[in-house]
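We number each residue from 1, following the sequence as shown. A quick note: this is a predicted structure, and the numbers were derived from the prediction, not measured. Numbering of ligands and ligand atoms starts at 1, following listing order.
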Amino acid sequence: MKIRVVTHNKHKYDEYKLLFKNESVETEWINIEYVEIQDNDIENIALYSLNILKDIVKEPYIMEDSGLFIKSLNGFPGPYSSYVNKTIGNEGILKLMEDKINRDSEFIAIIGLRINGENYLFKGITEGIISLKISGNNGFGYDPIFIPKGQNKTFAEMEIEEKNMHSHRMKAFKNLIQFLKENDFL
Ligand code: ITT
């Protein structure tokens, strides 16, 4: 089976490529321009994108909407993670967190799957904390400031294999694989 992975983000694709490889599923990176809506709910964003893509991308395909939700900032940047990352970046987030004692946060990923003319969503959540300083050079986005629960380094200090053992993406992916197996697609 081959699954198309729709994303502009090469790092995201590389993480999926490895996850799918371990399940012996072939992948193809689809990097195309399409309209992404803004909404307070990342599940709505994923569903909307799935529907837009159905006339453009051959099935089966997945896309993902994800975000970082910081407790003491009432869930900010959440659905606006991509925009906030491009504008104030990790330094901006650390600044907003300067006087915060509670540094709990969650990464949430929603994978949208289109197969046999139907849409499906799969969720993954990884709890962690916002680090006190930026560290690590791997990965993308908020990786240099996110330490997953039970670990002592940021995602950006991990190789892809190690990040894939803890990430929200991997957890949503596991739910996706379970669905594909249960429904005899795999
Ligand atoms: P596509 O929409 O094209 O897939 P994107 O990077 O814009 O790529 P999102 O719209 O899902 O992805 O935005 C999620 C943002 O949240 C992303 O740009 C990062 O800033 C952040 N993010 C999500 N997952 C992350 C991860 O595993 N590590 C670090 N930052 C992450």
Below 3.5 angstrom, do we get any N/O pair linking E15 and ligand 1?
-> no
Is atom CG of N137 surrounded by more than 12 heavy atoms (other residues, nucleotides or ligands) closer than 6.0 Å?
-> no
What residue and atom, counting heavy atoms only, is the protein's closest point to atom 2 (O) of ligand 1, and at what distance?
-> E36 OE2, 3.4 Å
Quick one: look up the protein heavy atom nearest atom 27 (O) of ligand 1 and list residue, atom name and how far away it is.
-> K163 NZ, 2.7 Å
Criterion side-chain hydrogen bond (donor to acceptor under 3.5 Å, both in side chains) on Y120 and N183, from CA distance to verdict = CA-CA 12 Å; Y120 302 92; N183 290 278; over 6 Å; no
Looking only at N/O atoms, are H168 and ligand 1 under 3.5 Å apart anywhere?
-> yes
Side-chain donor-acceptor pair under 3.5 Å between Y16 and T7, yes or no?
-> no
For residues 176-186, which residue pairs qualify under salt bridge (Lys or Arg N to Asp or Glu O under 4.0 Å), counting only residues two or more places apart or in two chains?
-> E23-K181
Find out whether Y48 and D39 are in side-chain contact, i.e. whether some heavy atom of one side chain is under 4.5 Å from a heavy atom of the other.
-> no
Should you measure from each heavy atom of D65, which atoms of ligand 1 turn up under 4.0 Å away?
-> 10 (O), 11 (O)
Any link between V57 and F20 through a network of hydrophobic side chains (Ile, Leu, Val, Met, Phe, Trp, Tyr) touching at under 4.5 Å?
-> no
Result for side chain to side chain contact (heavy atoms under 4.5 Å, CB included) between Y61 and one of L50, I115, L113, I30 points to L50
Selection from F146, Y80, F107, F155 by shortest heavy-atom distance to atom 22 (N) of ligand 1 = F107
Which ligand 1 atoms are under 4.0 Å away from a heavy-atom of H8?
-> 1 (P), 3 (O)
Are the charged groups of E106 and K71 less than 4.0 angstrom apart, N to O?
-> no
Nearest heavy atom to atom 1 (P) of ligand 1: which of N138, T7, V6 does it belong to?
-> T7
With a 4.0 Å cut-off on heavy atoms, does L68 reach ligand 1?
-> no
Under a 4.5 Å cut-off applied to non-hydrogen side-chain atoms, are F107 and S66 in contact?
-> no
Measure the distance from atom 6 (O) of ligand 1 to every protein heavy atom, then report the residue, atom name and distance (to 0.1 Å) of the closest one.
-> N9 ND2, 3.0 Å
Nearest non-hydrogen protein atom to atom 28 (N) of ligand 1, with distance, is D143 OD1, 2.6 Å
Decide if atom OH of Y80 counts as having more than 12 heavy atoms of other residues, nucleotides or ligands within a radius under 6.0 Å.
-> yes
Protein heavy-atom partner closest to atom 16 (O) of ligand 1 - residue, atom, separation in Å | S81 CB, 3.4 Å
Test side-chain hydrogen bond (donor to acceptor under 3.5 Å, both in side chains) applied to D143 - qualifying residues, sequence neighbours left out = K163
Any idea which protein heavy atom is nearest atom 23 (C) of ligand 1, and the distance to it?
-> S66 OG, 3.1 Å
Residue, atom and distance of the protein heavy atom nearest atom 30 (N) of ligand 1 read Y142 N, 3.1 Å
Pick one of side chain, backbone, both or neither for how K12 approaches ligand 1, counting any non-hydrogen atom pair under 4.0 Å.
-> side chain
What residue and atom, counting heavy atoms only, is the protein's closest point to atom 7 (O) of ligand 1, and at what distance?
-> S82 OG, 3.4 Å
In terms of atom number and element, which parts of ligand 1 are under 4.0 angstrom from non-hydrogen atoms of N85?
-> 20 (O)
